[in-house]
Amino acid sequence: MKNSMLIAMDDSVSSRTAVDFIANLAICPEEVDITLLHVFRKPSAGEELMGEKFMKEQPTRYLKAMEMAKDKLVEKGCNPKTLSIKLVEDPYPTVAEGIIDQFDKGDYSMVVIGRKRMSKAEEFVRGDISIKLVRALKGAAVLVVTTE
């Protein structure tokens with residue numbers, strides 16, 4: 001089985017840090033398929049209040065961030081033929097559910113996700129996608145790269 005990696009990302013510092021970490025790993029780029037993934041969740045009321053223009057610009061913003069990440073990985077030696085971008089615009093109830101579903105639909109051996117440090121209170125209120133992935137993806141490697 002060929003090694004394959006799913007890097008869940010958005011345009012945050014945490015996502016960029018996760019991509020930087022993978023770009024600087026001493027991996028054999030010819031032997032690893034990497035998919036950069038962004039899944040949309042159903043918009044919150046606050047996001048909908050930002051307006052239709054804001055909502056329509058989101059896919060372009062995330063695609064740009066993923067293109068930059070792909071360029072960084074190629075610059076560090078990854079084969080562009082083994083890199084792909086997947087933008088899933090059909091919204092999931094939560095980001096974690098979207099990542100889990102996309103992982104299950106693909107042939108991946110590892111998920112990489114960036115995570116900023118949160119207090120226990122923030123974790124309780126906002127939830128923690130990385131913990132949900134660790135619990136749900138049995139038999140898979142989950143790499144969590146933390147930032148400040």
query = By side-chain contact (heavy atoms from CB on, under 4.5 Å), which residues pair with Ala23, not counting sequence neighbours?
reply = Lys72, Leu73, Lys76
query = Which residues pass the side-chain contact (heavy atoms from CB on, under 4.5 Å) test with Ala136, sequence neighbours left out?
reply = Ile100
Any non-hydrogen side-chain atom of [X] less than 4.5 Å from a side-chain atom of [Y]?
X      : Y      : result
Glu89  : Pro59  : yes
Val74  : Leu83  : yes
Lys105 : Asp101 : yes
Met5   : Ile7   : yes
His38  : Leu87  : yes
Asp90  : Val39  : no
Met110 : Val142 : no

ask   = Phe40 vs Tyr62 aromatic rings, parallel, tilted or perpendicular, using cut-offs 30° and 60°?
value = perpendicular
request  = May I ask whether Leu25 and Ile34 are part of the same hydrophobic cluster, defined by side-chain heavy atoms of I, L, V, M, F, W, Y residues being less than 4.5 angstrom apart, directly or through others?
outcome  = yes
query = Can you check whether Ser4's main-chain N or O pairs, donor with acceptor, with Ser109's side chain at less than 3.5 Å?
reply = yes
message = If we ignore hydrogens and angles and just use 3.5 Å, is the side chain of Thr17 paired with the main-chain N or O of Val13 as donor and acceptor?
response = yes
message = Under a 3.5 Å threshold, yes or no: a donor from one side chain and an acceptor from the other, between Ser15 and Asp10?
response = yes
Rounded at 0.5 Å granularity, tell me how far [atom1] in [X] sits from [atom2] in [Y].
X      : Y      : atom1 : atom2 : result
Asp33  : Cys78  : CG    : SG    : 10.5 Å
Leu137 : Tyr108 : CG    : OH    : 12.0 Å
Thr35  : Lys86  : OG1   : NZ    : 7.5 Å
Thr94  : Ile129 : OG1   : CD1   : 7.5 Å

message = Using the ring-ring contact (aromatic ring centres under 6.0 Å, His included) criterion, which residues pair with Tyr92? Sequence neighbours excluded.
response = none
Considering all heavy atoms, the nearest [X]-[Y] contact:
X      : Y      : value
Ile85  : Lys70  : CD1-CD, 4.1 Å
Ser130 : Ile113 : CB-CG2, 4.1 Å
Met9   : Ala69  : CE-CB, 3.8 Å

inquiry  = Walk me through whether Arg16 and Asp20 qualify under salt bridge (charged side-chain N to carboxylate O under 4.0 Å, His left out).
reply    = CA-CA 6 Å; Arg16 288 191 298 275; Asp20 288 346; over 6 Å; no
ask   = In a check of side chain to side chain contact (heavy atoms under 4.5 Å, CB included) between Leu133 and each of Val95, Leu143, Val144, Val111, which one passes?
value = Val111
